[in-house]
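Following: one structure in structure tokens, then a few remarks.
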Amino acid sequence: MTTSRRSLLAGAAAMAAAPMVSRAQSAAPAALKDLAAAKGLIFGSAVNARQVRSDPAYRQILQRECGALVCENETKWVALRPDAARFDFTDADVIAAYASAQGMALRGHTLLWHHPQWFPDWLTGYDFGARPAAEAERILADHIRRVCAHYPQVFSWDVINETVDADTGELRETSLSRAMGQGVLDLAFHTAREAAPHAQLVYNDYMSWEAGHEKHRAGVLRLLEGFKARGVPIDALGVQSHIGSGNSDDSVGFDTAQEREWRRFLDEVVGLGLDLMITEFDVHDKNLPVDIPTRDAAVADLGKRYLDLMLAYEQTRAVMCWGMVDRSSWLQGNWLRADRLPKRPTPYDAEDRPKPLRAAIAAALAAAPVRASLQLPGANG
Ligand code: G3I
């Protein structure tokens, strides 16, 4: 591990552990990043560049609570790659610079969202020429090398995101896999290991504990087993953790958790020698009743139950929320509630006040067993 990377992480940990000084602060509840750090965990959130640029109230919450940030959209191909020739790091740089200035660590999402819906149009329609496999390899490896080199401080990369079809458990096809086969996935991990030798390398997906995710879980497990059997350099499974109501169905979704099957799945994953990362935690209240205290209590209860289970695994290294405030959650614009009311899926409400979910996260972190802090691959003492 290089000195600069070690000091970045040490700086983030030191900031997280710094004692509170003023009277106002001493009355405040312990920061989530401090509660996490005391257990060897990282706590953080996704954020977008607009919020960093122009939302000081949100920045205050991030600075108080988070030891790490991840770009919600800005390091995806659609954002970084206007075309086959160019890279545009403008928005992602805003978040990276902010994290660095605040002493926060940076996660990376994602080197390849291997899902045709989320490819840039130019890549979907790309002419791979007479030697398609070689051209696909060149494009992918070049992208991963350039992005990893631009953000050497990233301690954990979602190398591949969501390549398992949730309905069938089979691997998704894209223009890249049609050109070079499913070796595209292995190539991404091998290239990432070369380009970011000290970063944790993650496969990230939204298989979850609710009923209906059985094929998705089985498909992800098959993929991970294949990676390990082929010696692919993967360190962890990113468990996105968008829990709660289903998106497109009308079930409440708060009572369908298959805990036994979920533990069996996690046992298999850690049995492969992989760590677990909670990468995109939120609790969808789409089908909960209108009454806010009732809704918030149900969200907090489910969140606590889920985090207690996940944090009981000492292989769980981080809890990253997919946004800290309700007003900017990605869920507001998707799958609306029948009553059209704003949703309440994150730790802070629309007026930036902490909610029961914030208390539930704090309680789960406080109750979690201590574990060794994330050991970064390649770290040599
Ligand atoms: O920035 C453009 C804006 O210029 C344009 O006017 C507007 C019109 O629709 O679109 C804006 O871009 C949107 C972008 O979010 C920023 O708000 C895209 O349409 C929209 O598709 C995009 O959605 C993001 C989605 O991933 C797709 O990239 C969500 O914010 C983001 O939360 C979501 O995150 C995903 C993870 O990457 C993977 N796991 C699931 C998670 C939730 O879907």
Side-chain angles (χ1 to χ4, degrees), residues 44-55 58 62 68-82 88-95 106-124 147 154 156-167 172 174 188 202-210 213 216-217 219-220 223 236-249 253 276-286 318-336 342-348:
S45 177
V47 66
N48 66 53
R50 181 188 51 74
Q51 294 159 338
V52 170
R53 284 193 179 101
S54 60
D55 192 339
Y58 192 22
L62 297 174
L69 295 181
V70 59
C71 296
E72 183 173 357
N73 292 308
E74 291 76 357
T75 42
K76 295 171 180 173
W77 282 65
V78 283
L80 287 179
R81 302 301 303 276
D88 179 356
F89 292 104
T90 313
D91 284 346
D93 282 354
V94 168
I95 296 170
L106 190 66
R107 281 203 84 237
H109 174 81
T110 163
L111 292 173
L112 183 62
W113 191 345
H114 197 245
H115 185 317
Q117 184 181 353
W118 305 113
F119 267 32
D121 290 344
W122 67 261
L123 185 57
T124 299
V147 176
V154 167
S156 169
W157 269 112
D158 290 335
V159 178
I160 301 284
N161 188 52
E162 296 174 19
T163 198
V164 175
D165 186 310
D167 297 328
R172 299 184 197 276
T174 65
V202 178
Y203 174 71
N204 191 49
D205 212 330
Y206 60 89
M207 69 286 130
S208 190
W209 69 352
E210 290 94 0
H213 286 246
H216 199 182
R217 293 194 290 256
V220 168
L223 176 69
L237 172 65
V239 183
Q240 291 186 6
S241 308
H242 297 291
I243 61 169
S245 300
N247 294 334
S248 43
D249 63 46
L276 302 170
M277 299 285 280
I278 298 175
T279 51
E280 305 184 12
F281 178 68
D282 53 26
V283 185
H284 196 180
D285 58 329
K286 171 173 174 265
V319 179
M320 301 291 292
C321 289
W322 207 241
M324 291 293 287
V325 295
D326 288 341
R327 59 189 156 77
S328 57
S329 167
W330 71 288
L331 287 165
Q332 299 298 4
N334 296 300
W335 308 292
L336 304 185
K343 295 178 188 169
R344 303 178 63 82
T346 78
Y348 280 79

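All ligand and atom numbering here is 1-based and tracks the order in the structure.
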Next on the checklist: For Asp282 and Lys343: C-alpha separation, side-chain torsions, deciding distance, then whether salt bridge (charged side-chain N to carboxylate O under 4.0 Å, His left out) applies.
Outcome noted: CA-CA 11 Å; Asp282 53 26; Lys343 295 178 188 169; over 6 Å; no
Checklist entry - Taking it one step at a time, do Arg53 and Asp91 satisfy salt bridge (charged side-chain N to carboxylate O under 4.0 Å, His left out)? => result CA-CA 10 Å; Arg53 284 193 179 101; Asp91 284 346; 2.7 Å; yes
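- With Asn247 as the fixed residue, the side chain to side chain donor-acceptor pair (under 3.5 Å) test singles out one of His284, His242, Lys286: His284.
- Atom numbering of ligand 1 starts at 1 in the shown order; those under 4.0 Å from a heavy atom of His242 are 40 (C), 41 (C).
- Inclusion of Gln240 in the set of residues having an N or O under 3.5 Å from an N or O of ligand 1 is warranted.
- Shown here, atom 18 (C) of ligand 1 is out of close reach of the protein: none of its heavy atoms lies under 4.0 Å off.
- The protein reaches atom 40 (C) of ligand 1 closely, with a heavy atom under 4.0 angstrom from it.
- Atom numbering of ligand 1 starts at 1 in the shown order; those under 4.0 Å from a heavy atom of Asn161 are 38 (C).
- Counting only heavy atoms of the protein, atom 28 (O) of ligand 1 lies nearest to Lys76 NZ, 3.0 Å.
- Considering every non-hydrogen atom in both Leu62 and Ser45, the closest pair reads CD2-CB, 4.3 Å.
- Pairing each heavy atom of Asp158 with each of Val202, the nearest pair is OD1-CG1, 3.5 Å.
- Remark: minimum distance from atom 34 (O) of ligand 1 to any protein heavy atom is reached at Trp322 NE1, 3.3 Å.
- Shortest non-hydrogen contact noted between Ile160 and Thr110 is C-OG1, 4.0 Å.
- Between Asn73 and ligand 1, an N or O atom pair is found at a separation short of 3.5 Å.
- A donor-acceptor contact under 3.5 angstrom links the side chains of Thr174 and His114, judged on distance only.
- Scanning the protein heavy atoms around atom 43 (O) of ligand 1, the nearest turns out to be Trp330 CZ3, 3.2 Å.
- Here Asn48 has no heavy atoms under 4.0 Å from ligand 1, in either its backbone or its side chain.
- In terms of protein heavy atoms, atom 32 (O) of ligand 1 is closest to Glu72 OE2, 2.5 Å.
- Pro82 and Leu80 make their closest contact through CD-O, 3.3 Å (heavy atoms, listed as atom of the first residue, atom of the second, distance).
- Contact between Trp118 and ligand 1 is present, with at least one heavy atom of the residue lying under 4.0 Å from the ligand.
- Distance check for atom 13 (C) of ligand 1: every protein heavy atom is found at 4.0 Å or beyond.
- Each of the atoms 36 (C), 37 (O), 38 (C) of ligand 1 lies under 4.0 Å from some heavy atom of His109.
- The aromatic rings of Trp335 and Trp330 sit perpendicular to each other, their planes meeting at more than 60°, with 30° as the lower class boundary.
- Here the rule is ring pair (Phe, Tyr, Trp, His ring centres under 6.0 Å) with His109, and of Trp77, Trp157, Trp322 only Trp322 fits it.
- The N/O atoms of Glu280, backbone and side chain alike, include one that comes under 3.5 Å of an N/O atom in ligand 1.
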